[in-house]
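Scroll down for the structure; my scribbles are underneath it.
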Amino acid sequence: MLYKNLSGRSLWWVLSARLLLDALSALVFLVRGEQEHFRAVWRAHRDFFRMRKELQSKRGLIQLRRLGRPSEIYFGSILWRYYTGRRYSPVR
């Protein structure tokens, strides 16, 4: 979903961070001996790269229909708001 919906500018930053964090979690699973979790992360990455051409065509269609920055996405930190006492409310 990230690959199809994020804009070009933010896609590579978010995707790079996601791949790095997934690789770290896979390594932790491997060290802990949780092979099933490790394999799940591995399969997810393998499937993503296998489906990339199909996703790329869908991404092109979605990006053509985009008009600016969507208002439904909250770009702040929900955790920060929670722990500072200001609750997150999606309805404005």
Side-chain angles (χ1 to χ4, degrees):
M1 294 301 272
L2 292 173
Y3 185 75
K4 290 189 310 184
N5 294 312
L6 286 175
S7 68
R9 263 180 273 143
S10 59
L11 173 68
W12 297 114
W13 289 106
V14 171
L15 197 59
S16 298
R18 175 65 189 259
L19 291 174
L20 176 67
L21 292 173
D22 283 351
L24 288 174
S25 67
L27 182 63
V28 169
F29 290 140
L30 192 61
V31 169
R32 288 184 180 171
E34 300 174 3
Q35 278 81 21
E36 281 300 311
H37 295 299
F38 170 78
R39 278 190 229 118
V41 173
W42 181 260
R43 283 192 302 263
H45 282 260
R46 181 195 63 204
D47 293 343
F48 168 75
F49 285 107
R50 283 182 180 171
M51 294 177 57
R52 200 155 166 212
K53 285 190 179 190
E54 178 187 335
L55 292 172
Q56 202 164 16
S57 64
K58 290 180 182 181
R59 174 179 164 71
L61 294 173
I62 290 171
Q63 295 300 313
L64 284 175
R65 286 187 260 151
R66 280 186 74 169
L67 297 175
R69 192 172 178 171
S71 61
E72 296 86 21
I73 297 176
Y74 178 69
F75 290 96
S77 172
I78 295 172
L79 291 174
W80 176 257
R81 290 183 62 109
Y82 178 81
Y83 288 112
T84 59
R86 300 178 309 205
R87 302 290 182 207
Y88 172 72
S89 174
V91 180
R92 292 183 185 185

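Every heavy atom of this structure was used, including side-chain atoms; hydrogens, water molecules and symmetry mates were not.
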Item to complete: Verify the cluster assignment for Phe49 and Leu21: are they in a single hydrophobic cluster under the rule of side-chain heavy atoms below 4.5 Å apart?
Response: no
Linking I/L/V/M/F/W/Y whenever their side-chain heavy atoms sit closer than 4.5 Å, directly or via other members, would Leu19 and Leu24 fall into one cluster? no
Separation between CZ (Arg43) and CZ (Arg50), nearest 0.5 Å, reads 11.5 Å
Practice item. Please tell me if the side chains of Phe48 and Asp22 come closer than 4.5 Å, counting only heavy atoms from C-beta onward. Key: no
Scanning both residues in full, the closest heavy-atom pair of Phe38 with Phe29 reads N-CB, 3.8 Å
Rounded to the nearest 0.5 Å, the CZ atom of Arg39 sits from the CZ atom of Arg46 at a distance of 11.5 Å
*Show your working on side-chain contact (heavy atoms from CB on, under 4.5 Å) between Val41 and His37 and close with a plain yes or no.*
CA-CA 6 Å; Val41 173; His37 295 299; 5.8 Å; no
Shared hydrophobic cluster, Leu15 / Met51 (ILVMFWY, side-chain heavy atoms < 4.5 Å): yes
Interatomic distance, CG@Leu27 vs CZ@Arg32, rounded to 0.5 Å, equals 11.0 Å
